Undergrad: 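Here it is, the structure, as structure tokens.
Hydrogens, waters and symmetry mates are skipped; everything else that's a heavy atom, side chains included, is used. None of the values given here were measured: they were computed from a predicted structure. Numbers here simply count residues along the sequence, with the first being 1.
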Amino acid sequence: MELEFHQIDFRYEHLRKHNPQMERQLLASLADEGQKAPVVVLALAKDRYVLLDGYKRLRALRRLKRDTVQATLWDLDEA
């Protein structure tokens, strides 16, 4: 599925590590080849999702001025 960034809740971003060198490499890869792997989200409400996996990809896509991301929806509750 394709989601716009405003539909995604980033509540777990503070738990993720930042590695500037890896993120630069990912940014270059996304710029050259596009998104290969979808991010993983859970449904919160209609048209709202919480991001579980893919924080680095979303940060890189933001830097590339993209406004959508390919996502896989897991059919689970947040707990």
Side-chain angles (χ1 to χ4, degrees):
M1 71 189 310
E2 189 169 35
L3 297 176
E4 296 180 5
F5 290 164
H6 69 86
Q7 295 177 280
I8 301 173
D9 184 318
F10 300 92
R11 67 178 65 175
Y12 300 115
E13 187 168 18
H14 68 283
L15 300 173
R16 303 301 196 250
K17 289 184 177 183
H18 291 264
N19 182 327
Q21 181 177 348
M22 283 183 64
E23 291 192 31
R24 281 191 299 274
Q25 291 172 346
L26 179 59
L27 181 70
S29 173
L30 285 168
D32 289 342
E33 302 171 25
Q35 184 182 353
K36 292 181 179 179
V39 299
V40 177
V41 296
L42 297 177
L44 291 176
K46 182 173 171 55
D47 295 328
R48 287 293 296 164
Y49 303 89
V50 63
L51 184 64
L52 295 181
D53 180 58
Y55 282 88
K56 289 177 180 69
R57 279 171 276 168
L58 250 56
R59 280 194 297 270
L61 288 168
R62 279 182 179 165
R63 291 183 63 190
L64 292 170
K65 306 295 187 207
R66 308 277 169 76
D67 56 358
T68 62
V69 62
Q70 290 296 319
T72 296
L73 176 64
W74 283 1
D75 189 21
L76 302 169
D77 61 21
E78 190 175 353

Undergrad: Would you confirm whether Y12, through its side chain, and Y55, through its main-chain N or O, come within 3.5 Å as a donor-acceptor pair?
TA: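 No: the side chain of Y12 does not pair with the backbone of Y55.
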Undergrad: Quick one, V69 and F5 - any side-chain contact, counting heavy atoms below 4.5 Å?
TA: yes
Undergrad: Just checking R63: does its CZ atom have more than 12 heavy atoms from other residues, nucleotides or ligands closer to it than 6.0 angstrom?
TA: no
Undergrad: Let me confirm one number: the CG-CG distance from D9 to L42, rounded to the nearest 0.5 Å.
TA: 10.5 Å
Undergrad: With a 3.5 Å cut-off and sequence neighbours excluded, list the donor-acceptor pairs that the side chains of residues 28-37 form with protein atoms.
TA:
| unit_1 | atom_1 | unit_2 | atom_2 | d |
| --- | --- | --- | --- | --- |
| E33 | OE1 | K36 | NZ | 2.4 |
| Q35 | OE1 | Q70 | N | 3.0 |
| Q35 | NE2 | A37 | O | 3.0 |
| Q35 | NE2 | Q70 | O | 2.9 |

Undergrad: Determine whether a donor-acceptor pair (N or O, by modelled atom type, separation under 3.5 Å) exists between the side chain of R57 and the backbone of L27.
TA: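 Absent.
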Undergrad: So does Q21 have more than 12 non-hydrogen atoms from other groups sitting under 6.0 Å from CD?
TA: no
Undergrad: Between atom CG of D53 and atom CZ of R16, what is the distance when rounded to the nearest 0.5 Å?
TA: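 It comes to 7.0 Å.
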Undergrad: Are the side chains of Q7 and D47 in contact, using a 4.5 Å heavy-atom criterion?
TA: yes
Undergrad: Enter the distance from M1:CE to T72:OG1 here, rounded to the nearest 0.5 Å.
TA: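 Reported to 0.5 Å precision, the distance equals 9.5 Å.
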Undergrad: Do the non-hydrogen side-chain atoms of R59 and H18 ever get within less than 4.5 Å of each other?
TA: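 Yes, close enough: below the 4.5 Å cut-off.
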Undergrad: With the 4.5 Å side-chain cut-off for hydrophobic clustering, are F10 and L3 part of the same group?
TA: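 Yes; L3 is reachable from F10 via cluster members.
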Undergrad: Rounded at 0.5 Å granularity, tell me how far CD in E13 sits from CD1 in I8.
TA: 11.5 Å
Undergrad: Using the rule side-chain contact (heavy atoms from CB on, under 4.5 Å), only one of V40, L73, V39 pairs with Y49; which is it?
TA: L73
